[in-house]
Amino acid sequence: MNKTLEYYLEKYTGHNEFRTGQKEIITDVLEGKSCLGILPTGSGKSLCYQLPARVLNGLVVVVSPLISLMIDQVKQLKAEGFREAVALNSFLDYTEKQQVYHNLDQYKLVYVSPEMLQNPYFLQRLRKQSISLFVVDEAHCISQWGHEFRPDYLKLDTVIQDIGNPPVLALSATATPDVQKDIIKQLNCEQMVKHIHPMDRDNIAFVVKTVESDKYKLDYIAALLHSYQVPTMIYFSSRKWTEQAAEILRTHVPNLRIAFYHGGMEQTDRILIQQQFMNDQLDVICCTSAFGMGINKKNVRLVVHYHLPTQVESFIQEVGRAGRDGEASVNLLLSNENDQLLPKQLIETELPTHGQITMLMDYLRHLVESKELTIDESLVSTQFQFNETQWRFLKYQLEVHGMIKEDRLVQISSSDRKAIVNDIHLLVDKRKKLKLAKLTDLINWIHDKGCRRERLFLPFQEQVRPAKFQCCDHCGFSFEEWNPTITNKRITSDNWEDMLQSLFFQGEHHEKQTS
DNA sequence: TTAGGGTTAGGGTTAGGGTTATAGCCGGTGCGTTTCT
């Protein structure tokens, strides 16, 4: 490569300067080094693999957690004139998938889900390609989702090995040192070069408001929305509550456009609500944690937590959706003494109980003894009352321990079986303890008397920048002194070209340079 | 002759009232699912 990186940047994106962190990562990647890149949101993380994809020979595989993210990225790349990118997922029908499988060598960039990387046929095709780089986008998902919710995230190390150990690039905006360590461990990439940038946000003020009971929370929010009609996100931990709260707030503040959003909604409704919020056609979203990843709205001024997330990591991610344009923004957490009940319940139901595990293992022994080696998964789930996550967690553990291979039971000795039951019991206890400790960290932060910004970020980075505007309720923040900038865009022009332009970009929720 | 209104019977759904038992909170995040290359 004789040309400078700046030459390629200019050639492919039209920009003449790299943003913070990009150049170092791209340089390492082009030299074949594996990297962990923690870059703030909006710093253009995707350029770190999209530029190498154009320069390097061979295929770049990008693991992405959401189909909507893959589709957005491919759409944007095609709009920039890069046609050798494709998103491979269940949105494609059989023939389309076959097309991609058979023409893999014609692409430079393929986006896939971790689940898709368990498809034996796809893996077989992938092995025949020369893979120049293996990317894990939103890499914190490995740590936050992999252990229980989406175990295929923990199988990526095997995939990497299987396709010939290409260099690995793991990217995330918010990964605490614990999560960073976990990412490196799970990917089995001890030699990763770290490019860690601080994740504190100097334009967000932190406020905790303690109320006597939950019913005062909505009153407080309604009063706040009366005074501040700014783009607002309100986080709940229950789908039902997002709907009820939206309804109640609509009657309290009828001049605001308020909607709800959660994972149980129809796909088309989700897309519609998301796009309306992006385009300032909605003012307030009552949502669960389903609303967030990949949403890059710049002018969110207020993020409210009605319920408590289960861990500080999620809290930081959700808080970070405010003030992406750098303007003064506020995070408000509404608290009362029952805060921990709901997150505790969520942690409990994520993992199976000892009793369930023991009964399942007895049942499996019985199956093997009667020479029945296939498992009827839906029967098992109903019989032992596993939810989806619990069963997936257990199935993965049984695979790890060699009791299930290629969906079939394996005959093992009874002493081995006892050891495995014991192992899984210990693991469940360890995971629950870890998760409860993370919840306790967050609850301690609520009751801490120190500076909120410092106490939130200092455990994760060496220094916390001083607040650009107001800091927090412990450093003298008051809503009276908060004058949020209003930037809601509307179609105001009479010019048909402007109107067409804004219509065209409805629903585009990526920045131009994220690339 | 046809369009459109009215009637009727039968099946299914929902709202609302009455009764009884008992808990208080009842829960989040998404991918894949087809084929013999």
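Below, read A as the first sequence line, B as the second, and so on, with proteins coming before strands; counting in each chain starts at 1.
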Under the criteria of a ring-centre distance below 5.5 Å and an interplanar angle below 30°, is Trp145(A) stacked with the base of dT29(B)? no

Regarding the side chain of Asn119(A), the nearest nucleotide among dG28(B), dG27(B), dT33(B) is dT33(B)

Its glycosidic angle compared against 90° from 0, dG6(B) adopts the form anti

Taking the minimum atom-to-atom distance to the side chain of Leu66(A), which one of dG27(B), dG30(B), dG28(B) wins? dG30(B)

For a quick check of understanding: with a heavy-atom distance under 4.0 Å over all strands, which category does Asn89(A) fall into, base, sugar-phosphate or nothing? sugar-phosphate

Euclidean distance, atom CE of residue Met70(A) to atom C1' of dG30(B) [Å, nearest integer]: 10 Å

For His262(A), which contact category applies under a 4.0 Å heavy-atom criterion: base, sugar-phosphate, or nothing? sugar-phosphate

Looking at every strand, decide which applies to Pro65(A) at a 4.0 Å heavy-atom threshold: base, sugar-phosphate, or nothing. sugar-phosphate

Of Asp93(A) and Tyr121(A), whose closest DNA chain B nucleotide lies nearer the 5' terminus? Asp93(A)

Please tell me which of the listed nucleotides, dG27(B), dT29(B), dT33(B), lies nearest to the side chain of Thr288(A)? dT29(B)

When the nearest nucleotide of DNA chain B is assigned to Gly264(A) and to Leu92(A) on a heavy-atom basis, which residue is associated with the more 5' position? Gly264(A)

Kindly assign one of parallel, tilted or perpendicular to the pair Phe236(A) and Trp241(A), based on the angle between their ring planes and the thresholds 30° and 60°. parallel

According to a strict under-4.0 Å criterion, is Thr349(A) in side-chain N/O contact with OP1 or OP2 of dG28(B)? no

Rounding to a whole Å, what distance do you find between Phe91(A):CZ and dG30(B):P? 12 Å

Is Leu346(A) touching bases, backbone alone, or none of the nucleic acid, heavy atoms closer than 4.0 Å? base

Look at the aromatic rings of Tyr235(A) and His305(A) and report parallel, tilted or perpendicular, splitting at 30° and 60°. parallel

What integer distance in Å separates Asp137(A):CG from dC31(B):P? 14 Å

Look at all strands and tell whether Met293(A) reaches a base, only sugar-phosphate, or nothing, counting heavy atoms closer than 4.0 Å. nothing

Looking at every strand, decide which applies to Gln317(A) at a 4.0 Å heavy-atom threshold: base, sugar-phosphate, or nothing. nothing

Would you indicate which nucleotide in dT29(B), dG27(B), dC31(B) comes nearest to any side-chain atom of Arg150(A)? dC31(B)

I want to know whether Phe384(A) and Trp391(A) have ring centres closer than 6.0 Å. no

Can you confirm if the NZ or CZ of Lys297(A) lies within 45° of the ring axis of Phe277(A) and under 6.0 Å from the centre of its six-membered ring? yes

Indicate, with a heavy-atom threshold strictly under 4.0 Å, whether Glu350(A) touches base, sugar-phosphate, or nothing. base

Parallel, tilted or perpendicular: which fits the ring planes of Phe457(A) and Phe206(A), with parallel below 30° and perpendicular above 60°? perpendicular

Just to confirm, is there a sub-4.0 Å distance from OP1 or OP2 of dG32(B) to any side-chain nitrogen or oxygen of Ser90(A)? yes

Minimum-distance nucleotide to Tyr94(A) side chain [options: dC31(B), dT29(B), dT34(B)]: dT34(B)

Under the criterion salt bridge (Lys or Arg N to Asp or Glu O under 4.0 Å), which of Asp325(A), Asp283(A), Asp280(A) is the partner of Arg301(A)? Asp325(A)

Atom CZ of Phe393(A) and atom P of dT29(B): how far apart are they, to the nearest Å? 21 Å

Side-chain N,O (Arg392(A)) to OP1/OP2 (dT29(B)) below 4.0 Å: no

Rounded to whole Å, CD1 of Ile67(A) lies from P of dT29(B) at a distance of 16 Å

Test for a donor-acceptor pair under 3.5 Å between the base of dG32(B) and the side chain of Glu115(A), counting only N and O atoms. no

Which nucleotide sits closest to the side chain of Lys97(A): dT29(B), dG27(B), dT33(B)? dT33(B)

Leu69(A) CG to dT29(B) P: how many Å, rounded? 16 Å

